[in-house]
Novice: 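Quick one: this structure, given as structure tokens, is what I'll be asking you about.
The residues of the chain are indexed from 1 along the displayed sequence. Atoms within each ligand, like the ligands themselves, are counted from 1 in listed order.
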Amino acid sequence: MKSAVDKQATPLRSKRILLGQFWKHAAGSRHLLLLIISAMLADGLMQAGVVNYLKILIDRLMADPSAFVRQTLPPMAVTGLVAGLLFFPVAYVGHLAFSVLGSRLATTFRMALYRHLQCLSVGFFNRKQSGEIASRLTQDVDNGVQIMVGFITGAAWATGVLLTALVSMIALSWKLTLIFIGLNVVYFTIWNRFRHRIGKTAREVRDQAGEVTACATEDIAAVMVMKTFAREDRFYNRFGTAQDRLYKAQVQAARITHVFGDVLQVIGKFIAPVIILGTGALLVDRDGLSIGSLVAFWSYWGLVQGPLGTLYGAAPGLASCMASMNRITDFFEEMPRPADAPGAIRFHPSEGKLNFQEVEFTYPGDNNRPIFNNLTFEVPARSSLGVVGPSGAGKSTLVQLVLRFYDPQKGCIRMDGMDLREMTQESLRKATGVVLQESLMLSGTLRDNLLLGDERATDAQLWTALEQAGAYDFVRATPEGLDTRVGERGVTLSGGQRQRLCIARVFVKNPPIVIFDEATSALDGTTEALIQDSMQRLLKGRTSMIIAHRLSTIIDCDNILMLKDGKVLGLAPHASLMKTCPEYAELVSKQHLHRAEE
Ligand SMILES: Nc1ncnc2c1ncn2[C@@H]1O[C@H](COP(=O)(O)OP(=O)(O)OP(=O)(O)O)[C@@H](O)[C@H]1O
Ligand SMILES: [Mg+2]
């Protein structure tokens, strides 16, 4: 199972590594972050400063109400108005910058991750479920980045409020401030006890949410299989199981988060008032504390509940954020394999000669057996090589190696005498055109799909390519021609039409080396004959490798390679291979027999 491999491959990183990852990508937006931190700090300072007025207001009002109305009220009102006017731009700039920064960082992260994913090996995508990748690219980036930005700016605001409040509280009554600090020690101890468990459950929720997305994506892709086998119930149950695990993880996370949050509430709303107001009353009675100071102190207590809640309440969010950052970092740490060698050069194909020399290859992974052991053969320039052999012989693996999706462990593969590892992968793949059995098309127009071969091709060149591929007539017959939209993965086209469009795409690309892997095996005889013609036109003057089970497809190739269990049983033109390779002769006789029966 892919998901099992996935889980093992996700080590937990330290916070330092995860924050480093965040900081690295936040580099371009640090000035914005600084602006928000300053605005939030100023916001906090101003909010806390206002409470100071309460003490003056109450003490002076109680001492001499009419003097208060004449002397204190007017300047107080003016100061309040000015503070309000100043507060607006600070708050507005801070909040706007906060939203912009969140979206900007999510964009930076997502683009960087997308670019990195593009460089990863085919093996990586074989290992991971596509939904799992999509979930990290979308949900985890949003979750990780938004919470991190929220926490950093929230912490700045909280620090502003707390610092101002603390200084003012000490000035009002250092004895009450000591009680305030004592209550916070209790808060911190409780928070510390719950922190790890909250983190663990938040991580579990992120992982299970990823599983649900992965399961949904896979099921949607396999909708035809589900319907043909009438196994809707099985798919429903499988999705239900994943969803059930997510639900349980969410309930568990909610349980632990709310126990923690509500214990803090009990202290904040019931125990603290009794202690603070009780002690405050004692101090008013015995220590000369003014009523105004007590009310102002109590107001500060109310004011700091917000920032304290932000800091302590950040635990679950922060744990979820770290879980997401961990899942993103997991992908960032995947090394592009095989990577371009340092100093790799652009490959400029001349004739298109291809040769395998003493190639040894095993797919990466612990339990894979060797596919090739000492494989040597050559495809001379501008000649065609048919490859036949039983299923599992390693025919498609040859294609993966030529495209350098994998590197052989020993030996080397050369194109025009140059080791594939010495050239850039981009230039190698530009020199090679591939048509596979499953002809993949992207959603978009026919033109979009054909231009994958060469973005600069003109419409006239596209029509020529369609003609060469035998696809001209059916495209011409559509009302919108090149602008005809094809569904995702080309589902609105027939198999034969898709195949011819894929061949046309290679005509547009015009590479010196062409590979067909079972490109016609799924087609009926008439369509195959049609495609054979386009194939022959495409192969002319190019080096080619044609992999096929149907011998009729490869019988006219310049050479035929008979492969079995990764070994070359024979390599010669059809006529001589019939004489020198009994396995090939047997294959031919079986297929003739089969045809005779047909
Ligand atoms: N990504 C992979 N990871 C591990 N093993 C693989 C992978 N792809 C293929 N194999 C194994 O390599 C062997 C050769 O596979 P390959 O696809 O090259 O066979 P083939 O000759 O193309 O077969 P067919 O005619 O059925 O297409 C098989 O045993 C297969 O199980
Ligand atoms: Mg194959």
Side-chain angles (χ1 to χ4, degrees), residues 1-6 8-9 117 120-130 132-133 218 221 334-338 354 356 359-377 379 385-411 413 420 432-440 495 499 502 514-523 528 535 544-555 557 559-571 577 581 583-584 586-588 590-591 594:
M1 282 282 287
K2 280 177 178 181
S3 50
V5 177
D6 213 359
Q8 284 165 12
L117 286 171
L120 296 184
S121 66
V122 171
F124 168 82
F125 292 96
N126 285 342
R127 246 187 314 128
K128 303 277 176 186
Q129 287 170 300
S130 50
E132 174 67 30
I133 298 175
E218 195 175 291
E334 282 277 343
M335 295 303 287
R337 268 176 310 208
L354 180 69
F356 276 60
V359 167
E360 278 187 37
F361 176 68
T362 307
Y363 277 104
D366 295 335
N367 303 318
N368 290 328
R369 59 179 184 84
I371 307 292
F372 299 126
N373 192 5
N374 206 7
L375 179 73
T376 301
F377 68 89
V379 193
L385 176 79
V387 184
V388 288
S391 183
K395 304 182 295 295
S396 297
T397 307
L398 288 179
V399 184
Q400 310 249 7
L401 292 177
V402 171
L403 290 173
R404 222 180 143 221
F405 289 156
Y406 298 94
D407 274 337
Q409 282 83 18
K410 275 196 188 149
I413 305 165
L420 299 189
T432 326
V434 185
V435 185
L436 302 172
Q437 178 175 359
E438 199 195 338
S439 37
L440 282 177
Q499 206 63 286
C502 287
V514 174
I515 302 174
F516 283 83
D517 188 357
E518 303 285 3
T520 57
S521 61
L523 306 175
E528 198 202 357
M535 262 174 78
S544 58
M545 225 161 94
I546 301 142
I547 299 167
H549 280 290
R550 277 194 210 165
L551 295 176
S552 57
T553 319
I554 49 107
I555 216 152
C557 285
N559 284 293
I560 294 169
L561 174 75
M562 173 78 199
L563 207 61
K564 191 178 176 190
D565 295 333
K567 292 188 184 62
V568 177
L569 297 187
L571 172 62
L577 201 60
C581 180
E583 288 86 353
Y584 181 70
E586 194 189 330
L587 206 67
V588 172
K590 266 190 195 158
Q591 290 211 3
H594 189 60

Novice: Show which atoms of ligand 1 fall inside a sub-4.0 Å distance from at least one heavy-atom site of Asn126.
Specialist: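 In order of number, 1 (N).
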
Novice: Nearest 0.5 angstrom please: Lys567 NZ to Leu569 CG, how far?
Specialist: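 Answer for the NZ-CG pair, Lys567 versus Leu569, is 9.0 Å.
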
Novice: Checking side-chain contact (heavy atoms from CB on, under 4.5 Å) for the pair Phe361/Gln409: CA distance, chi angles, key distance, verdict?
Specialist: CA-CA 5 Å; Phe361 176 68; Gln409 282 83 18; 3.6 Å; yes

Novice: Show the nearest heavy-atom pair for residues Ile413 and Pro408, with the distance to one decimal.
Specialist: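 Ile413 and Pro408 have their closest heavy atoms at CD1-CG, 4.2 Å.
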
Novice: Just to confirm my output: which protein heavy-atom neighbour is closest to atom 25 (O) of ligand 1, and how far is it?
Specialist: Lys395 NZ, 2.7 Å

Novice: For ligand 1, which part of Arg369 has a heavy atom less than 4.0 Å away: the side chain, the backbone, both, or neither?
Specialist: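 Only the side chain of Arg369 comes within reach of ligand 1.
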
Novice: Within ligand 1, which atoms have a heavy atom of Asn368 less than 4.0 Å away?
Specialist: 4 (C)

Novice: Hey, what do you get for CD1 (Ile560) to CD1 (Ile555), rounding to the nearest 0.5 Å?
Specialist: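 Going from CD1 on Ile560 over to CD1 on Ile555, the span is 6.5 Å.
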
Novice: Give a yes or no answer on whether the side chain of Gln400 reaches the backbone of Tyr406 with a donor-acceptor pair at less than 3.5 Å.
Specialist: no

Novice: Tell me whether Gly389 has any N or O atom under 3.5 angstrom from an N or O of ligand 1.
Specialist: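 Between Gly389 and ligand 1 (N or O atoms, distance only) the closest approach is not under 3.5 Å.
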
Novice: More than 12 heavy atoms of other residues, nucleotides or ligands under 6.0 Å from CG of Asp565: yes or no?
Specialist: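 Counting neighbours around CG of Asp565, 12 or fewer heavy atoms of other residues, nucleotides or ligands fall under 6.0 Å, so no.
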
Novice: Which one holds for Thr397 and ligand 1: side chain close, backbone close, both close, or neither close, with close meaning a heavy atom under 4.0 Å?
Specialist: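 It is both backbone and side chain that touch ligand 1.
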
Novice: Which protein heavy atom lies closest to atom 26 (O) of ligand 1, and at what distance to 0.1 Å?
Specialist: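 Its nearest protein heavy-atom neighbour is Ser391 OG, 2.5 Å.
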
Novice: List the atom of Ser396, the atom of Asp517, and the distance in Å for their closest heavy-atom pair.
Specialist: OG-OD2, 2.6 Å

Novice: Do side-chain atoms of Lys395 reach the backbone of Val387 as a donor and acceptor pair under 3.5 angstrom?
Specialist: no

Novice: Taking atom types as modelled, find out whether Tyr363 and Thr397 have a side-chain donor-acceptor pair closer than 3.5 angstrom.
Specialist: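 There is such a pair between these side chains.
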
Novice: Is atom 2 (C) of ligand 1 touching the protein, meaning some protein heavy atom lies under 4.0 Å away?
Specialist: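 Yes; the ligand atom in question has protein heavy-atom contact below 4.0 Å.
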
Novice: If you measure from atom 7 (C) of ligand 1 to every heavy atom of Tyr406, Phe361, Tyr363, which option wins on shortest distance?
Specialist: Tyr363

Novice: Identify, by atom number and element, the atoms of ligand 1 in contact range of Ser396, meaning under 4.0 Å from any of its heavy atoms.
Specialist: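 Checking each atom against Ser396, I get 17 (O), 18 (O), 20 (P), 22 (O), 27 (O).
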
Novice: Any N/O of Gly392 closer than 3.5 Å to an N/O of ligand 1?
Specialist: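 N/O-N/O distance below 3.5 Å exists for this pair.
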
Novice: What's the shortest distance from atom 12 (O) of ligand 1 to any protein heavy atom, and which residue and atom give it?
Specialist: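 Here the closest protein heavy atom is Ile371 CD1, 3.0 Å.
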
Novice: Please report whether atom 31 (O) of ligand 1 has a protein non-hydrogen atom at a separation of less than 4.0 Å.
Specialist: no

Novice: For ligand 1, which atoms, with element, lie under 4.0 Å from some heavy atom of His549?
Specialist: 25 (O)

Novice: How long is the straight-line distance from OG1 of Thr432 back to CD1 of Ile515, given to the nearest 0.5 Å?
Specialist: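 Those atoms lie 6.0 Å apart.
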
Novice: Show your reasoning for whether side-chain contact (heavy atoms from CB on, under 4.5 Å) applies to Phe124 and Leu117.
Specialist: CA-CA 9 Å; Phe124 168 82; Leu117 286 171; 3.7 Å; yes

Novice: Return the set of residues passing ring pair (Phe, Tyr, Trp, His ring centres under 6.0 Å) with Tyr584 (not counting sequence neighbours), or none when no residue passes.
Specialist: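 For Tyr584, the residues satisfying ring pair (Phe, Tyr, Trp, His ring centres under 6.0 Å) (neighbours in sequence not counted) are His574.
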
Novice: Can you list, by chain and residue number, the protein N, O or S atoms under 2.8 Å from the Mg ion (ligand 2)?
Specialist: Ser396 OG

Novice: By the definition side chain to side chain contact (heavy atoms under 4.5 Å, CB included), identify the one residue from Val388, Leu571, Leu398 that meets it with Leu563.
Specialist: Leu398

